[in-house]
Every structure is written in C-alpha cells, then in structure tokens.
Amino acid sequence: MATAKTTKSATTKNKASATAKKTVKTATTTEKKPTASAVKKIRNTTVTAEKKKILFVASESTPFIATGGLAEVIGSLSKALASSDKFDVRVVIPLYSDIKKEYRDKFTYLGNLYVHLAWRNQYCGIFTYVKDGVTFYFIDNEFYFKRPGCYGYYDDGERFAFFSRSVLEIMPFINFYPDVMHCHDWQAALSAIYLKTNYCFREEYQFIRALFTIHNIEYQGQYSLDLLCDLFDIFGEYRYLVEYRNSINLMKGAIECCERFSTVSPRYAEEIKNAYYAHGLEDIVRKNEFKLSGILNGIDDLSYNCELDSHLFANFKPDDFSNKAVCKKELQNMLNLPQDSETPIISMITRLVPHKGLDLVTNVIEELLQDDVQIIILGTGDASFEGYFMDLAKRYPDKFSANIAFNGDLSRKIYSGSDIFLMPSKSEPCGLSQMIACRYGTIPVVRETGGLYDSIKPLNNGYTFANYNAHDMMYVLRQAVSDFKNKEEWSKLMFRAVTTDFSWNHSAKDYESLYLDMLK
C-alpha cells in the first residue's frame, strides 16, 4: 500500500485539521463519524450484547511478530480472555514488513483513512485477521512500518505517536468502542494520553476506561520538550501530563491519564516504588499507587508442552522423563559437547545485557567451568558480552557453548535438553524463561526479584538466591549441581516443576476482575 505523502501548512493549522477530518470513501465503505444519538447503539454493537469489549493496544504480538516477552503476553492473554464468554477481545498492532507472509496473505483489507497528527496528515490502512477467537487489527503505513524489525529507529517517537493516534481514529471506522482500552508499554502510552486529552470531548469516547501495563519501566519513551507540539501534537494545557524532569516522559503521561495501571508481577509492582528499580519514575508511581496492581504473567501451556512440542528431539511426560535423556544427548551432539548424561547442563537463554545479571556470570563462570558441568548460552545483545562468550567457547570447547543468535527452535531444544536453567537477573518485571524451563523439567536457579520471586519457590520448583552477588549465585548453583546427583530426589523436583501451573488461567481471571472493577 502506497504511503500518503506528508503535508505541511505554513499558514494555518485549521486547514490541515480540516483535511484530516474529510470523509474517506472506499469501493465498499463510507466512513462517517457517528452522531451523539447513535453512540449508545454503536457501543452496544458486539457479538453478544452482554460481552465487555476489550481492546489491546501494543507494538507486537505473537504469532505475527515478536522481539520478546511483550508479544508472548499479548498473544496468550488475549486468547485466554477470548475463551471466556464475558469478553469481546480485540488487538491492534502496526503492520510491520517483518510480519510473517503466511499470515499477511490471510489478512483482510477493511479500508483506509487519514490520520491527523500535528501538521502531518498520514495514510492509515486497516487490515484484520481473526485467530483463536481474537480479532486482530493491523495499522498500515509503509513510511513508518515498512522497515526491518520493530524498534531502534531515530523516529520511533513519531512512528508510535502515529500508531497511537490511529488507534483512536479507527474506532468509528471499525465500529468498535471498547469498554476498556488496555495499553502496553511506552509505545502505546500515547493512545491513553490522547484518549484523555485530544479525544476527551467526543461523546463516543467518554466512557472508555484506560488500563496501562508496564512490562519494563526502564524504557519510558523520553524526548526533548521542544517536540511536544510539532511531533506529539500535545499543546500547552496538557503539557503537565507528560512533562517530567525537564523532558517528555510518555510512560509518566500514561500513568497519570489511566484509570488504572499495572505491572506484570506483584513483586515488581512493589519494587518500582523504589528508586533502585524505577529508573527515575518512583515519585510518579508512589503518587499514583492507589490505582496500581501487579498481576503475574502466564505462558501458553499448550505451546510449551513437553508431550506435544514438535521442536524437541523427543517428547516426554511428567511421570516419565526417560526421553528427556534423549533430548540432552542430542543437544550435546548438536552443539559438539561430550555426550555425558551424568554431567549436568546449565543453560541460559537471554538477552545479553547487564540487567540480566551477566556481570555476575562473567565474574565466576571460569571458576564454575572447573567443576563437572557443561554450560550453554543462547542470545544476542551487547557486543562486549557476545565477544566474551564467543572467546570463552574457544577456550573451553568441551564445556561451554556460545550461540549468539535469536533462534526459537534451538531455544526449545535447550530448554528440554538442559538440567538447570540460570536466570540471575538484577531486575526482572516478570520473566517467562523460568516458567518455560519448568515446563520442560529443567530446574531454574533465579535471583529473588520481580516475577522470579513470585514464580519460583525454593525446593518446590527451583532454587533462589536473594543478594545480587556472584558468589551467592555460585553457592546456589553448586547446591543444585550436587542435588542433581541424587536421581530420586531430582526426579521429584522435576515433576513438581513440570506440573506447576503457569497457564493464564489464574492471571486471566485477575485481569477479568480488574476490568470489571474499572467498569463499576
């Protein structure tokens, strides 16, 4: 789809505004703004009149495109909520060029409109696709989204401002006004801010409640104040909402504007009130803590299933781990490690960045490699860590394997073929890897922070250490390695790990309660 050229009026803002509001006609559809008298009727137009309407606004979602845990949550949580007869669940994300062709070919084109953002007037195509009971919408604009990947561009602020504004603009077009608009992370923060500012006087938007979920408070969407009007289309009367410490802070604005905000684990909700974890937003969090809640993420327990997963070398059952030994042997063979069933494999699947605890690992890993262990690392990230681990693999070829890649198939083979999974994060809002490891009978060793604290309990389904200290981590790792030698007790621990319920059943119910409470 060709992208409309950006237009700028040097003489009047009103002209651009008028252009943006023109009725857009397609071969099959005429888009009109509903009259006030029609609002109530429109808002009740759902598959079932009693269903509450939930709209997820996010920058990525499985199975279409994913760079991390956010996409997993959007894809899994929306599916879990849609399985209930209480909700009509829909998701809107950008139409990136990297979305898999197998899905793009199935998308249905609904039509297009033009989105007004400051002096810009940009084309916005709308595509849709229904999967697992969830209706997905895709915002098309090649100027912003026909690029490799999702993030990391100089104009990310403009890209996601357009996306957020588009979410509000397409509501009349798709005839869907949600009861709750659930926005995720800073990329979707502006959709909540626009809802409560630029759109708050439109009658059809006045009953929409906004929930903002923080998946990682480190990334806040911070920009220079001189971009406020020209880029974000936020004017003086609303400046105070997004201004923080002499800059624009979009996450701060969303926290201020939303009826509720949440984090992805109860522990993290408490931690971000503290400066050590909040990356400068602790004052805003504490100011708004009356509307804060923490709900632990789940995982798709059908996708991550040792009995059904087609990526594994061999499938196995929670009451019979004999084929896990096959997974281990084949993994060792694939990565050119000695095939020894008695040597425990310690694995890490992570982004190679400091807050994942890699400074602890680099401090003691060579000492640990003197023990009877093999260590496997999979991930990409900072060049310093990538180089260090590749060099280590050359010096310890029989004990250490560095796989500098993002590889979903290999990750599942490592989860299923390892014995111990290390996750020593400095901070971890929720974490999914420790849950996935449990699903394959691989025992996590984690630091007690965020969702790691909420999900892994010592000697129930894993091992934990509290202090952010390399030798505390080493002590607990060696305890796990020692316990691995006791096959009977280790098998019991594996069984408890595999059977821990990390599905969305509990968490989805918590979100249901939160949504319904917001609508009282």
Side-chain angles (χ1 to χ4, degrees), residues 299 304 306 309 311-314 316 321 324-353 356-358 360-362 364-366 368-369 371-381 385-386 388-390 392-393 396-425 428 431-447 452 455-456 461-465 473-474 476-481 483-484 490 493-494 497-498:
I299 58 174
Y304 298 108
C306 58
D309 194 338
H311 294 274
L312 308 192
F313 289 113
F316 51 92
F321 289 107
K324 185 171 171 65
V326 176
C327 293
K328 179 175 181 176
K329 179 180 178 181
E330 292 299 325
L331 178 65
Q332 289 171 322
N333 182 51
M334 171 186 270
L335 301 180
N336 299 313
L337 294 171
Q339 296 177 30
D340 185 349
S341 62
E342 298 303 313
T343 298
I345 294 178
I346 301 170
S347 63
M348 291 185 72
I349 300 173
T350 182
R351 283 184 294 125
L352 303 180
V353 292
K356 292 296 184 179
L358 293 177
L360 303 188
V361 175
T362 55
V364 298
I365 191 169
E366 293 200 59
L368 184 62
L369 285 169
D371 300 344
D372 182 24
V373 297
Q374 294 175 352
I375 301 177
I376 298 172
I377 283 183
L378 171 65
T380 60
F385 288 124
E386 291 183 357
Y388 176 83
F389 290 127
M390 286 190 290
L392 202 64
Y396 295 89
D398 293 338
K399 308 204 83 177
F400 184 79
S401 174
N403 304 274
I404 309 302
F406 183 87
N407 188 321
D409 176 73
L410 179 57
S411 71
R412 294 186 184 228
K413 288 177 167 60
I414 294 173
Y415 280 126
S416 59
S418 304
D419 301 296
I420 298 167
F421 188 83
L422 177 60
M423 207 166 173
S425 303
E428 195 66 59
L432 301 179
S433 295
Q434 79 281 9
M435 302 181 191
I436 298 169
C438 283
R439 292 288 294 162
Y440 295 100
T442 298
I443 306 304
V445 174
V446 305
R447 180 172 170 264
L452 302 180
S455 58
I456 303 302
N461 60 357
Y463 296 80
T464 69
F465 63 99
M473 178 189 74
M474 173 79 94
V476 176
L477 264 177
R478 282 178 164 163
Q479 181 64 55
V481 169
D483 292 347
F484 172 78
W490 191 260
L493 180 57
M494 289 167 66
V498 170

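Because only heavy atoms are used, hydrogens play no part in the values below, and waters and symmetry mates are left out as well, while side chains stay in. Nothing here was measured: the structure is a model prediction, and the numbers come from that model.
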**Prompt:** So, for Leu378 and Ala405, which heavy atoms are closest and what is the spacing to 0.1 Å?
**Reply:** CD1-O, 3.5 Å
**Item:** Under 3.5 Å donor-acceptor, Glu330 side chain and Ala314 backbone
**Value:** no
**Request:** For Ser433 and Phe421, run side chain to side chain contact (heavy atoms under 4.5 Å, CB included): C-alpha distance rounded to whole Å, both residues' side-chain angles, the deciding distance at 0.1 Å, then the answer.
**Result:** CA-CA 9 Å; Ser433 295; Phe421 188 83; 3.6 Å; yes
**Message:** Is the ring pair Trp490/Phe484 parallel, tilted or perpendicular, if the boundaries are 30 and 60 degrees?
**Reply:** perpendicular
**Prompt:** Between Ile376 and Asn403, which heavy-atom pair has the shortest distance, and what is it?
**Reply:** CG2-ND2, 3.7 Å
**Message:** Does the Lys NZ or Arg CZ of Lys324 fall within the cation-pi geometry relative to Tyr440 - under 6.0 Å from the ring centre and within 45° of the axis?
**Reply:** no
**Ile345 backbone acceptor or donor facing Asp419 side chain under 3.5 Å** = yes
**Asked** Which one of Val445, Val446, Ile456 satisfies the side chain to side chain contact (heavy atoms under 4.5 Å, CB included) criterion with Met423?
**Response** Val446
**Request:** Indicate the atoms forming the closest heavy-atom contact of Asn461 with Cys438, along with that distance.
**Result:** O-SG, 3.8 Å
**Request:** Return the minimal non-hydrogen interatomic distance between His311 and Lys413, and the atom names on each side.
**Result:** O-NZ, 2.7 Å
**Item:** Shortest non-hydrogen contact between Leu358 and Val353, atoms and distance
**Value:** CD1-N, 3.5 Å
**Asked** Does a donor on one side chain and an acceptor on the other come within less than 3.5 Å for Ser347 and Tyr415?
**Response** no
**Complete:** Nearest heavy-atom approach of Leu352 to Gly379 is CD1-O, 3.6 Å
**Prompt:** Considering the options Gln434, Arg447, Lys356, which one meets the side chain to side chain contact (heavy atoms under 4.5 Å, CB included) requirement together with Glu428?
**Reply:** Lys356
